[in-house]
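In what follows, a single structure is set out as structure tokens and then discussed.
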Amino acid sequence: MSIAPIALDHADRRAAAKLVFDGVSKRFGRGPESVLAVQRADAYVGEGDFLCIVGPSGCGKSTLLNIVAGFETPTAGEVRLDGRLVDRPGAERGVVFQQGALFTWMTVLENVAFGPRARGVPAAEARDRAMAYLEMVGLKSFAKRYPYELSGGMQQRVGIARALANDPDVLLMDEPFAALDQQTRELLQEEIKRIWKRTRKTVLWITHSIEEALFLASHLVVMTARPGRLKAAYAVDFDSERDPNVTTSAGFTSAKREIVGLLREESIEAQRQEGVAT
Ligand SMILES: Nc1ncnc2c1ncn2[C@@H]1O[C@H](COP(=O)(O)OP(=O)(O)OP(=O)(O)O)[C@@H](O)[C@H]1O
Ligand SMILES: [Mg+2]
């Protein structure tokens, strides 16, 4: 496996772009207390790209994802999906939040079946589809429970099942596996990779795990410390299957070393800012 630097905002990528970030900036609040979370992000994301985003805590990753989801509006610049300005949420974009956002008054099954039902899928079919995804995330036997009866990691898995059951065009995933144990995480990573290969959905995936990014991504972006800018981007030439030896292969180790190096610089910068701020 290997990674190769690319310019995500290169004009050549524009024609095939599904998702366009055009000078996207986001400032929260006004005046001296305001926080510039994202600064001039430019990128063309191709149809079917699996773009993993890594960067230090607080650098604006979730903010960027929320802008694509239509939950936040940029203070400057714009995001376009299939040429249309993104200015509100839409069913063609499925979101899994960093922290579970399930409907607390619905059972697990109802949560997952909600999207298909809302789009007019008949009840029995929506239920079957929801069950299939619950089985995939290992929660079939919890279908009739309520979210409060589940652990954080289980709720997160329901969120993933719910996003997939909607069959969105674009998947927006904010550290979806952060709360999972290593075993579950690896199984779901493989499952997601299978789904992606089959459906070639466009995916934006935030993670703090470089291994996860290298395993999943077709493209990888490293963000700077806040204000988040795109520091470096890579095309990932990945192996088709998870090979237990891949993580010890020379290609993987050197790719990991490169990304770790970039991230370390940014984490030090983030801590320095924190020190200045307090
Ligand atoms: N709604 C908001 N109001 C004010 N400030 C916000 C808001 N959302 C985010 N911020 C600020 O914007 C910055 C970026 O936050 P964001 O959540 O995007 O970071 P992140 O990269 O996702 O971090 P983490 O890896 O810890 O999840 C932070 O300084 C945060 O305090
Ligand atoms: Mg975040």
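Just so you know, ligand 1 is whichever comes first in the structure, and atom 1 is the first atom listed for that ligand.
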Fill in: Validation row, ring centre Tyr148 to ring centre Trp105 under 6.0 Å
no
Worksheet item: Are side-chain N/O atoms of Thr63 and Asn66 paired as donor and acceptor at under 3.5 Å?
Response: no
Fill in: Trp205 and Glu175: side chain donor to acceptor below 3.5 Å
no
Discussion item. How about NZ on Lys231, more than 12 heavy atoms from neighbouring residues, nucleotides or ligands closer than 6.0 Å, or not?
Written reply: yes
Worksheet item: Which pairs pass side chain to side chain donor-acceptor pair (under 3.5 Å) with one or both residues in residues 119-135, sequence neighbours excluded?
Response: none
Item to complete: Verify the neighbour count for atom NZ of Lys256: are there more than 12 heavy atoms of other residues, nucleotides or ligands below 6.0 Å?
Response: no
Worksheet item: Nearest 0.5 Å, what's the OH-CD1 distance between Tyr234 and Ile6?
Response: 10.5 Å
Worksheet item: Partners of Arg93 by salt bridge (Lys or Arg N to Asp or Glu O under 4.0 Å), sequence neighbours excluded?
Response: none
Worksheet, complete the sentence: Within a strict 2.8 Å cut-off of the Mg ion (ligand 2), protein N/O/S atoms tallied 2
Distance dump, ligand 1 polar atoms to protein, N/O, under 3.5 Å:
residue	atom	partner	partner atom	Å
ligand 1	18 (O)	Ser62	N	3.4
ligand 1	18 (O)	Thr63	N	2.9
ligand 1	18 (O)	Thr63	OG1	2.5
ligand 1	19 (O)	Gly60	N	3.4
ligand 1	21 (O)	Cys59	N	3.1
ligand 1	21 (O)	Gly60	N	3.0
ligand 1	21 (O)	Lys61	N	2.9
ligand 1	21 (O)	Lys61	NZ	2.9
ligand 1	22 (O)	Ser62	N	2.9
ligand 1	22 (O)	Ser62	OG	2.8
ligand 1	23 (O)	Gly58	N	2.7
ligand 1	25 (O)	Lys61	NZ	2.7
ligand 1	25 (O)	His208	NE2	2.9
ligand 1	26 (O)	Ser57	OG	2.6
ligand 1	27 (O)	Gln98	OE1	3.2
ligand 1	27 (O)	Gln98	NE2	2.9
ligand 1	29 (O)	Arg226	NH1	3.0

Practice prompt. Report yes or no: is the cationic atom of Arg194 (NZ for Lys, CZ for Arg) under 6.0 Å from the centre of the six-membered ring of Trp196, at an angle within 45° of the ring normal?
Written response: no
